2 protein chains.
Amino acid sequence: MAGIKDVAAHAGVSVATVSRVLNDSPRVTAETREKVRDAMRALRYRPNGVARSLRTEATRTLGLIIGDILNPFFAAMARAVEDEARAAGYTVVIGNADERPEQQDHYVRTLLEQRVDGLLICPTAETTPLVEDCVRSGSPLVFLDRTLPGLDVPAVRADGTEAIHDLVRHIHRLGHRRVAFISGPELLSTGRERTRAFLDAMRECDLDIRDEYLETGDFQAASGRAIAARFLDLPHPPEVIFTGDNLMALGALDEIRARGLRIPDDVALASFDDVAWFVHLDPPITAITQPAEELGRHAVRVLLERVERRPVESVVLPARLVIRRSCGETEST
Amino acid sequence: MAGIKDVAAHAGVSVATVSRVLNDSPRVTAETREKVRDAMRALRYRPNGVARSLRTEATRTLGLIIGDILNPFFAAMARAVEDEARAAGYTVVIGNADERPEQQDHYVRTLLEQRVDGLLICPTAETTPLVEDCVRSGSPLVFLDRTLPGLDVPAVRADGTEAIHDLVRHIHRLGHRRVAFISGPELLSTGRERTRAFLDAMRECDLDIRDEYLETGDFQAASGRAIAARFLDLPHPPEVIFTGDNLMALGALDEIRARGLRIPDDVALASFDDVAWFVHLDPPITAITQPAEELGRHAVRVLLERVERRPVESVVLPARLVIRRSCGETEST
DNA sequence: GTCGATCATGTAAACGTTTCCATACACTCC
DNA sequence: GGAGTGTATGGAAACGTTTACATGATCGAC
């Protein structure tokens, strides 16, 4: 494949000059510029990004490690990250951790070796030595959606606390008393935060928190289904099932439908995370919606600031309750 | 950041030796190997993939350009591609063309400059000069899901013809006669293929093909909704609406629900492309399912063969009809 | 006890850029 | 007309690896 040398020879100039027109340096006559451009076209020249990166120590590439690309929430975030990055002239490499810490580490290692200019991580489970290394070595790093305690890394995330309080109040107002929660993993900040908010909100509404109504899933559909099954098998099954993410809601829905139960009469359902099709279900599912696109865009902006070594601050955006009919009909609205 | 030289100095060996242990060459004593490994750990050495790629002319990276990452079909495919590639020791860079030819070209250019070892493209619209260049220059290229006519490029795709015939027969058997189709763009091979199969199947069943029942969408939800609205406004609205992909089905569903119409009594619905939540709708949506994961995996295998300069053949996998209840109750089953 | 063979290790070139520094030429100004 | 200024261009080093080739040591066979 033709290189800068061939172009230089073909145009009758030095490689330095070719490099200059490549980088739009003003120190080139319009005339030579044209000569060089012609040579490039003639030779079908394509700049070698690898060589350029080696020399400039920059790849104009960002790494994004997400929990699960099949989760519409992450997909939406990834899409926004990609859009914002492209607008800033960066490419993004997406790594799918599949919620597995080893796989997350695999990607951290790979992307670091690939010398991405910055890294966006939605941490899966706890801090790993590799991530710590990353922080210590000062590679630009930003946490997205989830955070890791004790690490001085800026984070861009949504806060669902207020929305969860709204939801529990909504449920309470509709007359439900026995509310069960399928939480996310303790190891994830989002899992912890949502559980904590749920517990607080329950207390605030003077609702009983029963141990058998509280189980921990793994943010995947299968666990949502299994836990919903256990809830429904209880001597006193809950009146409401609230799930910690949309995938577990899907799983719970599977189980409810499989038993031929009606929503909300037999059991009500609500989900943290909203997805496009919740509105088409009968009844439409009440959910808490997170600003996925905004999170993605902010994350890129913050990361690029870090890449430029400017000081940055974490960003917290509110999640919001969307009341539909899966917990019961609201009085009037 | 520490380089191979620093490691060599620290371990008291030459850079060649360090490189050898890096590449697991057998020509190194266990003793020196250990010395070198120790030095690496001590210096927190991370191989520089950029330099390595420059030297070896290989990046162990694959490019994947898809139509729309928010489309669950593409997301599933992307996920499979990524899994298969990782298993083979490759990273994949996903480019989201958003169904826009310029953006597709942007990614082709960027990925080519980044010197990916191979490129997987789901072509958006027609052949562009850049893609032609790509073919001519012999960079390993495989089309995924969609093909481009007149180009000698291996393709991995699903064939929906048989499934569409099955669907039309199913619809016919249920007594429907007025069937409308929201097709995909003429410019996409999948759009053309599905329209053609639909027309053939209609003829086979002796069903009338009316012009006003045939409109072309762009595989996005909004166009599905707009076209469904026009169908429903017709003096003789169709009894069945069949959409060319899942996003347009979602749009049509929006419109049907907004008008308070019942499925299938007022209008039946079927979709090319199946998604997880169709089964939870009331009634569940009859759809044609494509083997997205298999397509992705095959595509990587074929591409890697091409990367190794071995001859390859196109792969065609069948799509399959999944009958649910959105076109009416089946007799017995 | 010497001659090859085998093997671990080292030296240095190459990969395709960018960029510092030098050079040569064209002006301007007095 | 010569010194000084400015500017377009070129030469060559450097980025961090891999690898062909060279080198010296060890060892077995005669």
Side-chain angles (χ1 to χ4, degrees), chain A residues 1-37 39-40 43-61 89 109-117 137 139, chain B residues 1-40 43-61 89 109-110 112-117 137 139:
Chain A
M1 194 176 240
I4 212 180
K5 264 190 221 154
D6 309 284
V7 176
H10 192 278
V13 300
S14 73
V15 294
T17 303
V18 177
S19 173
R20 275 186 279 258
V21 347
L22 223 42
N23 294 284
D24 291 315
S25 153
R27 317 241 75 107
V28 186
T29 345
E31 193 193 3
T32 31
R33 188 185 307 278
E34 262 326 296
K35 257 193 322 193
V36 172
R37 291 249 163 86
M40 286 178 175
L43 298 176
R44 290 218 160 73
Y45 170 72
R46 278 205 199 300
N48 185 326
V50 174
R52 173 179 302 186
S53 292
L54 176 60
R55 181 55 226 239
T56 60
E57 331 229 62
T59 51
R60 296 203 79 79
T61 294
R109 195 172 309 113
T110 307
L111 295 175
L112 246 31
E113 290 191 4
Q114 234 136 259
R115 295 299 193 263
V116 293
D117 293 340
S137 76
S139 357
Chain B
M1 193 175 242
I4 212 179
K5 267 192 222 155
D6 309 286
V7 176
H10 193 280
V13 299
S14 74
V15 293
T17 303
V18 177
S19 172
R20 275 187 278 257
V21 348
L22 222 42
N23 294 283
D24 290 316
S25 153
R27 317 241 73 109
V28 185
T29 347
E31 192 193 2
T32 32
R33 188 184 309 276
E34 262 326 297
K35 258 195 319 193
V36 172
R37 291 248 163 86
D38 287 344
M40 287 178 175
L43 297 175
R44 287 217 164 73
Y45 169 74
R46 273 200 207 303
N48 185 327
V50 175
R52 172 179 303 186
S53 292
L54 177 60
R55 180 57 227 239
T56 60
E57 332 228 65
T59 51
R60 296 203 77 79
T61 293
R109 196 172 307 112
T110 308
L112 246 31
E113 289 190 5
Q114 233 135 259
R115 295 298 193 265
V116 293
D117 293 340
S137 75
S139 354

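Owing to the predicted nature of the structure, the values given are computational and were not obtained by experimental measurement. Letters A, B, ... mirror the listed sequences (proteins, then strands); counts begin at 1.
Minimum atom distance to the side chain of B:Asn23 is reached by D:dT18, of the listed C:dT9, D:dT18, D:dA13. Comparing atom distances between the A:Leu22 side chain and each of C:dT9, C:dT18, D:dA12 picks out C:dT18 as nearest. Listed nucleotides: C:dC15, C:dT17, C:dC20. Nearest to the side chain of A:Tyr45: C:dT17. Candidate nucleotides D:dG16, D:dG10, C:dT18 were compared by shortest atom distance to the side chain of A:Thr56, and C:dT18 ranks first. In this structure, the nucleotide among D:dG16, D:dT9, D:dG10 sitting nearest to the side chain of B:Leu54 is D:dG16.
Using a 4.0 Å heavy-atom distance criterion, B:Thr32 is classed as a sugar-phosphate-only contact. Within the 4.0 angstrom heavy-atom criterion, base atoms lie near B:Ser19. Contacts of B:Val50 with the nucleic acid, taken as non-hydrogen atoms under 4.0 Å apart, are absent.
A straight line from NZ of B:Lys5 to P of D:dT18 spans 14 Å, rounded to a whole angstrom. Counting to the nearest Å, the P atom of C:dT17 and the CE atom of A:Met40 are 9 Å from each other. Put simply, CZ on A:Arg46 is 13 Å from P on C:dT17, counting in whole angstrom units. At whole-Å resolution of the value, CZ in A:Arg60 and C1' in C:dT17 are 16 Å apart. Distance CG (B:Asp6) to P (D:dG16): 8 Å, rounded to an integer number of Å. Note: CD1 (B:Ile4) to C1' (C:dA13) measures 15 Å, nearest angstrom. Following rounding to the nearest Å, B:Asn48 (CG) and D:dA14 (C1') show an atom-to-atom distance of 14 Å. Remark: C1' of C:dT9 and CZ of B:Arg33 are 13 Å apart, rounded to the nearest angstrom.
Residues B:Thr61 and A:Gln114 have side chains in contact (heavy-atom distance under 4.5 Å, counting atoms from C-beta outward). Within the 4.5 Å cutoff, no side-chain heavy atoms of B:Arg52 are placed close to those of B:Asn48. For the pair B:Arg115 and A:Arg46, the minimum side-chain heavy-atom distance is below 4.5 Å. Counting heavy atoms from C-beta on, the side chains of B:Thr17 and B:Arg20 come closer than 4.5 Å. Using a 4.5 Å heavy-atom cutoff, the side chains of B:Arg44 and A:Ser137 are not in contact.
Interatomic distance, B:Leu43 CG to B:Met1 CE, rounded to the nearest 0.5 Å: 11.5 Å.
Residue B:Val13 is the one, among B:Val13 and B:Ala51, whose nearest nucleotide of DNA chain C lies closer to the 5' end (criterion: closest heavy atom). Along DNA chain D, the nucleotide nearest to A:Val15 and the one nearest to B:Arg52 differ in position, and the one closer to the 5' end is contacted by A:Val15.
For A:Arg55 and C:dT18, a side-chain-to-base donor-acceptor distance below 3.5 Å is present, hydrogens and geometry of angles not being considered. A:Arg27 contributes no side-chain N or O that forms a donor-acceptor pair with the base of D:dG6 under 3.5 Å.
Considering only side-chain N and O atoms, B:Thr29 lies under 4.0 angstrom from the phosphate OP1 or OP2 of C:dT9.
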